[in-house]
> 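Quick one: the structure is below, questions incoming.
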Amino acid sequence: MTDLRDAALAVRENAYAPYSEFKVGAALRGASGTIYSGCNVENVAYPEGTCAEAGAIAAMVAAGETSFTEAYVVAGSPLPVTPCGGCRQKLAEFGGKDVQVCMATVNGVERTLNIGDLLPGAFDPSFLGG
Ligand code: THU
C-alpha cells in the first residue's frame, strides 16, 4: 500500500481547508490498477464542502472506472482518521464489503477496516426492489 499512501499524502498537500484547517487526502486503487486521489475542498457555506474520499471517487468515475480494490485515507489527526458516514456510503457504492480501507495519520499510524465493518447494514440496491 506504499503507493496508495504516497498518493494520499501528496494530494493532501492540496487540500483546501481554510475553515477546519484539517487537511485530508484519499487514494483509491481502481480495478484496473490505476490510482485515483482526492482531497477535501471546503466552502465558506460550510455544508457545500466535500470530503477527500468523495474527491477520489469522483476522479475514478470521471476516468471511467466504477470499482476499486483498496483505499487509503490520511489526515493530521492524532489517531487514524475514520471516514464520515456519508463517505462510508460512497465507498460502499464502489467497493465490495471485503475491500480494505486503511486509515492513517501523517506520522504513519495505520488502522485497517473493510467496508463491511465500516458500514454494517448498509443501504444497498437490494432495497430498491419494492
Ligand atoms: N473530512 C474528510 O475529507 N474526510 C474524512 O474522512 C473526515 C473529514 C474533511 C471534511 C472537512 O473538510 C474536514 O475534514 C473537517 O471535518
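Whatever order the structure lists ligands and atoms in, that order sets their numbers, starting from 1.
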> Among protein heavy atoms, which sits nearest to atom 9 (C) of ligand 1, and what does the distance come to when rounded to 0.1 Å?
N40 ND2, 3.6 Å
> Out of all atoms in ligand 1, which are within 4.0 Å of some heavy atom of E53? Include the element for each.
2 (C), 3 (O), 4 (N), 5 (C), 6 (O)
> With the side chain counted from C-beta on, respond yes when M103 and T112 share a heavy-atom pair under 4.5 Å apart, and no when they do not.
no
> Is any NZ, NE, NH1 or NH2 atom of the basic residue among R29 and D3 found under 4.0 Å from an Asp or Glu carboxylate oxygen of the other?
yes
> If you have a sec, work out which protein heavy atom is nearest atom 12 (O) of ligand 1 and how many Å separate them, to one decimal?
E42 OE2, 2.6 Å
> Can you find an N/O atom of A52 closer than 3.5 Å to an N/O atom of ligand 1?
yes
> How does S20 reach ligand 1, by side chain, by backbone, by both or by neither, if only non-hydrogen atoms under 4.0 Å count?
side chain
> Hey, which atoms in ligand 1 end up nearer than 4.0 Å to a heavy atom of V24?
1 (N), 2 (C), 3 (O), 4 (N), 9 (C), 14 (O)
> Taking atom types as modelled, find out whether R111 and T82 have a side-chain donor-acceptor pair closer than 3.5 angstrom.
no
> Considering the heavy atoms of P83, write down every atom of ligand 1 situated less than 4.0 Å from one of them.
6 (O)
> What is the closest protein heavy atom to atom 14 (O) of ligand 1, and at what distance does it sit?
F22 CD2, 3.3 Å
> Report the nearest protein non-hydrogen atom to atom 10 (C) of ligand 1: residue, atom name, distance rounded to 0.1 Å.
C51 SG, 3.9 Å
> Using the six-membered ring wherever Trp is involved, compare the ring planes of F127 and F123 and label them parallel, tilted or perpendicular (cut-offs 30° and 60°).
parallel
> Do V24 and V41 land in one hydrophobic cluster if side-chain heavy atoms of ILVMFWY residues count as linked below 4.5 Å?
no
> Within the protein, is there a heavy atom lying under 4.0 Å from atom 16 (O) of ligand 1?
no
> I'd like to know whether ligand 1 has T50 as a neighbour, heavy-atom separation below 4.0 Å.
no
> Any non-hydrogen atom of A17 lying under 4.0 Å from ligand 1?
no
> Evaluate the side-chain proximity of F94 to L28: yes if any heavy-atom separation is below 4.5 Å, no if none is.
no
> Which of the atoms in ligand 1, numbered in the order shown and given with their element, are less than 4.0 Å from a heavy-atom of T82?
6 (O)
> Counting N and O atoms only, with roles assigned by atom type, does the side chain of T105 sit under 3.5 Å from a partner on the main chain of V109, one being a donor and the other an acceptor?
yes
> Nearest heavy-atom pair of I35 and A7: which atoms, and what distance?
CG2-CB, 3.8 Å
> Identify the two heavy atoms, one from V44 and one from Y19, that lie closest to each other, and give their separation to 0.1 Å.
CB-OH, 3.4 Å
